[in-house]
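The first residue in the sequence is number 1, and the count goes up from there.
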Amino acid sequence: MSITAHEAPPDIWTWRHPEGRLLSAVVGVGALATATALAGPVTWTFWAGLIGPDLAFLKGRGRPTKGPGYVPTETVGLYNDLHHPIAPAATIALGLVTLNQPLVVGGLGWLAHIAIDRATGIGLRHPDGHIH
């Protein structure tokens with residue numbers, strides 16, 4: 001099934017309904033609280049996870065877009081990959097299996113970023129670069 005410019009990309013974590021946004025807010029706050037309890041709010045892995053996903057915007061810096069609210073189309077794939085919850089979940093799991101606290105904390109920061117985006121109504125990007 002192909003996605004048109006007017007369809008949202010597939011996302012198992014909905015941000016389109018109040019219940020999904022509330023769940024996302026709970027997950028985001030929980031991830032932030034857990035990361036802070038594990039390592040404090042000033043660890044570099046926490047901040048890398050929290051801020052890192054939006055570094056995808058740098059890929060398209062200076063390139064033309066279709067207008068406000070859009071990113072360049074070549075940025076969409078990286079943006080969507082970094083804003084999908086499977087990646088931080090895998091990072092957290094790897095950190096737990098290897099007893100690597102910085103990985104767990106970084107993964108929790110990353111998960112918090114995605115969850116807060118979803119709670120505020122920001123989902124994945126369409127192929128044309130527009131947010132849902």
Side-chain angles (χ1 to χ4, degrees):
M1 181 171 128
S2 65
I3 298 172
T4 68
H6 299 292
E7 294 178 49
D11 192 349
I12 59 171
W13 193 346
T14 186
W15 61 92
R16 296 180 186 170
H17 303 289
E19 298 85 6
R21 288 187 180 184
L22 179 60
L23 174 63
S24 297
V26 169
V27 169
V29 169
L32 287 172
T34 303
T36 301
L38 284 174
V42 294
T43 61
W44 74 268
T45 56
F46 172 76
W47 286 102
L50 195 62
I51 296 168
D54 281 346
L55 293 178
F57 289 121
L58 295 176
K59 181 178 180 186
R61 189 171 180 201
R63 294 206 168 108
T65 66
K66 292 185 175 189
Y70 286 82
V71 298
T73 55
E74 54 271 337
T75 304
V76 171
L78 179 60
Y79 179 91
N80 286 347
D81 288 346
L82 293 177
H83 285 82
H84 195 286
I86 195 71
T91 302
I92 294 165
L94 180 62
L96 290 172
V97 168
T98 61
L99 302 176
N100 186 320
Q101 183 180 7
L103 269 181
V104 173
V105 171
L108 287 167
W110 192 355
L111 181 63
H113 174 105
I114 295 168
I116 291 166
D117 273 1
R118 299 301 194 279
T120 58
I122 300 169
L124 299 176
R125 297 284 176 156
H126 292 281
D128 68 355
H130 195 264
I131 200 136
H132 94 96

**Asked** Any chain of hydrophobic side-chain contacts (each under 4.5 Å) joining Leu124 to Tyr70?
**Response** no
**Request:** Taking all non-hydrogen atoms of both residues into account, name the closest pair between Ala119 and Ser24 and its distance.
**Result:** N-CB, 3.6 Å
**Asked** Is there side-chain contact between Val71 and Arg61, with at least one heavy-atom pair below 4.5 Å?
**Response** no
**Asked** Would a hydrophobic clustering, with Ile, Leu, Val, Met, Phe, Trp and Tyr connected at side-chain separations under 4.5 Å, put Leu32 with Leu96?
**Response** yes
**Message:** Go through it in stages, so that I can follow the logic: the residues are Tyr79 and Ile131, the test is side chain to side chain contact (heavy atoms under 4.5 Å, CB included), and I'd like the CA-CA distance, side-chain angles, deciding distance and then a yes or no.
**Reply:** CA-CA 11 Å; Tyr79 179 91; Ile131 200 136; 4.0 Å; yes
**Message:** On a heavy-atom basis, which atom in Ala31 and which in Leu111 lie closest, and how many Å separate them?
**Reply:** CB-CD2, 4.4 Å
**Item:** Trp110 (side chain) donor-acceptor with Leu82 (main chain) under 3.5 angstrom
**Value:** yes
**Lys66 side chain vs Asp128 backbone, donor-acceptor pair below 3.5 Å** = no
**Request:** For residues Leu38 and Phe46, determine if any side-chain heavy atom of one lies less than 4.5 Å from a side-chain heavy atom of the other.
**Result:** no
**Request:** Check the hydrophobic clustering (I, L, V, M, F, W, Y; side-chain heavy atoms under 4.5 Å; chains of links allowed) and say if Val105 and Trp47 are grouped together.
**Result:** yes
**Message:** Does atom CD1 (Ile86) have a neighbourhood of more than 12 heavy atoms from anything else shown, all under 6.0 Å?
**Reply:** no
**Request:** Check His83 against Pro53 and note the closest heavy-atom contact, atom names and distance.
**Result:** CE1-O, 3.3 Å
**Asked** Any idea which heavy atoms bring Gly28 and Ala112 closest together, and the distance?
**Response** O-CB, 3.8 Å
**Message:** Can you confirm whether Val76 sits close enough to His126 that some side-chain heavy atom of one is under 4.5 Å from a side-chain heavy atom of the other?
**Reply:** no
**Prompt:** Going only through I, L, V, M, F, W and Y residues with side-chain contacts under 4.5 Å, is there a path from Val104 to Ile51?
**Reply:** yes
**Message:** When you measure from the side chain of Asn80 to the backbone of Arg125, do you find a donor-acceptor pair of N or O atoms at a distance under 3.5 Å?
**Reply:** yes
**same_hphob_cluster(Leu103, Leu50) at 4.5 Å side-chain heavy-atom cutoff** = no
**Prompt:** Quick check: does any side chain N or O of Thr120 sit under 3.5 Å from a backbone N or O of Asp117, one acting as donor and the other as acceptor?
**Reply:** yes
**Message:** Between Leu94 and Asn100, is there a side-chain heavy-atom distance shorter than 4.5 Å?
**Reply:** no
**Prompt:** Of the non-hydrogen atoms in His113 and Asp54, which two are nearest, and what is the gap between them?
**Reply:** CE1-OD2, 3.1 Å
**Prompt:** If you look at every heavy atom in His84 and Ile114, which pair is closest and at what distance?
**Reply:** O-CD1, 3.6 Å
